[in-house]
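In what follows, a single structure is set out as structure tokens and then discussed.
All values below were derived from every heavy atom in this structure, side-chain atoms included, with hydrogens, water molecules and symmetry-related copies excluded. Bear in mind the structure is a predicted one, so any value in this text is a computation, not a measurement.
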Amino acid sequence: SSRKNQPSATWFDFACDYVDMKWAHTSPGQRKSTADSLIAITNALWTSELGKPDQRVLNRALRTAFSSTARTDDPPEGVRRATRWIAKHTRQVGDLAKLDLLREVLATLDRNQNGGRAAPDTVRLRRTTLRNALDYAVERKLLVSNPMSEVKVKRHSATVKQVDRRSVVKPTQM
């Protein structure tokens with residue numbers, strides 16, 4: 001597309017290009033996981049809340065946009081309207097070089113849309129997708145380096161599960 005050689009790009013346009021670059025080499029499950037992660041990342045990068053569509057419609061528009069095949073379909077008017085809003089209201093990729101913004105995005109990725117804490121695997125997938133996308137932004141010369149290597153984030157350990165005493169073998173049973 002014509003935006004490939006621009007020194008700056010909106011996160012939304014860039015994320016669509018990122019999906020297209022990966023599309024042919026990824027499984028359907030990985031495509032869905034990437035789209036889910038990109039939706040969470042994009043929802044952390046609005047420039048404004050003014051005129052923002054309903055979150056369900058936004059998510060549907062993003063899911064459509066983050067699918068190389070679905071993007072070519074003729075979506076309903078609400079999704080088209082939401083996609084136009086998204087295209088005008090996401091930050092520039094270069095903004096992610098600002099470590100304060102990147103920290104905010106990373107903090108947002110720790111939470112689900114309902115505000116609850118996301119599962120550790122979900123957080124890991126989202127961060128991995130962001131890291132890989134930012135590596136691609138470096139390759140595209142939209143960033144000088146991947147800013148995630150400069151940000152130290154607290155690792156979330158897997159949830160500790162309590163042992164059910166009924167399932168533990170007693171010394172006399174051994």
Side-chain angles (χ1 to χ4, degrees), residues 1-53 55 58-73 75 79-111 113 118 122-155:
S1 73
S2 63
R3 58 186 181 241
K4 293 259 190 249
N5 296 322
Q6 290 180 353
S8 67
T10 66
W11 169 260
F12 177 68
D13 285 342
F14 167 76
C16 289
D17 286 347
Y18 175 73
V19 166
D20 293 345
M21 179 270 297
K22 292 185 75 63
W23 194 260
H25 311 290
T26 54
S27 68
Q30 190 175 359
R31 290 172 184 166
K32 182 186 180 313
S33 171
T34 299
D36 289 344
S37 294
L38 289 172
I39 288 168
I41 296 163
T42 304
N43 276 313
L45 291 170
W46 303 130
T47 56
S48 167
E49 298 283 319
L50 197 64
K52 184 178 172 187
Q55 192 62 53
L58 266 182
N59 288 348
R60 187 165 171 212
L62 288 167
R63 183 155 312 284
T64 301
F66 296 148
S67 163
S68 291
T69 53
R71 198 179 319 129
T72 60
D73 295 342
V79 170
R80 273 201 303 274
R81 208 172 17 254
T83 304
R84 284 192 299 270
W85 186 90
I86 293 164
K88 290 179 187 161
H89 292 90
T90 56
R91 290 176 168 276
Q92 298 292 309
V93 173
D95 289 351
L96 288 162
K98 299 172 186 158
L99 299 185
D100 288 346
L101 173 64
L102 184 57
R103 274 191 192 90
E104 282 178 37
V105 171
L106 290 168
T108 303
L109 299 184
D110 288 351
R111 304 243 164 251
Q113 285 182 353
T122 301
V123 173
R124 183 184 51 75
L125 282 169
R126 290 173 179 175
R127 287 182 181 177
T128 300
T129 300
L130 179 58
R131 179 178 298 277
N132 291 341
L134 293 176
D135 282 342
Y136 182 57
V138 171
E139 185 182 314
R140 291 261 317 274
K141 306 211 181 325
L142 297 171
L143 289 169
V144 175
S145 64
N146 188 331
M148 282 190 68
S149 58
E150 298 173 42
V151 174
K152 298 291 173 240
V153 289
K154 191 177 104 186
R155 295 250 181 249

Note to self: As an exercise, state the distance from CD of Q113 to CZ of R111, rounded to the nearest 0.5 Å.
What the structure shows: 14.0 Å

Next item on the list: Please round to the nearest 0.5 Å and tell me the distance separating atom CG of L134 and atom CZ of R127.
Entry: 13.0 Å

Item checked: Closest heavy-atom pair and its distance - S67, V19 -> N-CG1, 4.3 Å

Margin query: Please find the pair of heavy atoms, one from P75 and one from D73, that lie closest to each other, and give the distance.
Written below: CD-O, 3.0 Å

Check: Quick one: NZ on K88 to OG1 on T47, what's the gap to the nearest 0.5 Å?
Finding: 11.5 Å

Next item on the list: Working to the nearest 0.5 Å, report the span between CG of L106 and CG of L99.
Entry: 10.0 Å

Notebook entry, point to check: Which atom pair, heavy atoms only, marks the closest approach of A97 to L143?
Noted result: CB-CD2, 3.9 Å

Next item on the list: Would you mind listing every salt bridge (Lys or Arg N to Asp or Glu O under 4.0 Å) that reaches into residues 33-42, with sequence neighbours excluded?
Entry: K32-D36, D36-R63

Checklist line | Pairing residues for R91 by the salt bridge (charged side-chain N to carboxylate O under 4.0 Å, His left out) criterion, not counting sequence neighbours | finding: D95

Item checked: Heavy-atom closest pair, residues A65 and C16 -> O-SG, 3.8 Å

Next item on the list: Report the distance from atom CH2 of W11 to atom CG of L38, rounding to the nearest 0.5 Å.
Entry: 6.0 Å

Next item on the list: Walk me through it: do R140 and V93 pass the test side-chain contact (heavy atoms from CB on, under 4.5 Å)?
Entry: CA-CA 11 Å; R140 291 261 317 274; V93 173; over 6 Å; no

Checklist line | Nearest non-hydrogen partners of F12 and A87, listed with the distance | finding: CD2-CA, 3.8 Å

Note to self: I'd like to know if the side chain of N146 and the backbone of R131 have a donor-acceptor N/O pair within less than 3.5 Å.
What the structure shows: yes

Margin query: Let's go through H89 and L50 carefully: what are the C-alpha distance in whole Å and the side-chain angles of both, what is the deciding distance for side-chain contact (heavy atoms from CB on, under 4.5 Å) to 0.1 Å, and is it a yes or a no?
Written below: CA-CA 9 Å; H89 292 90; L50 197 64; 5.6 Å; no

Item checked: ring-ring contact (aromatic ring centres under 6.0 Å, His included) contacts in which one or both residues fall within residues 17-51, not counting sequence neighbours -> Y18-Y136, W46-W85

Check: Please walk me through it: do F66 and T34 pass side-chain contact (heavy atoms from CB on, under 4.5 Å)?
Finding: CA-CA 8 Å; F66 296 148; T34 299; over 6 Å; no

Item checked: side-chain contact (heavy atoms from CB on, under 4.5 Å) between E150 and L102, worked out -> CA-CA 10 Å; E150 298 173 42; L102 184 57; over 6 Å; no

Notebook entry, point to check: Taking the side chain from T72 and the backbone from T69, do they hold a donor-acceptor pair closer than 3.5 Å?
Noted result: yes

Check: Roughly how far, to the nearest 0.5 Å, is CG of D13 from CD1 of I86?
Finding: 11.5 Å

Checklist line | Nearest atoms (heavy-atom pairs only) where L125 meets S33 | finding: CD1-OG, 3.7 Å

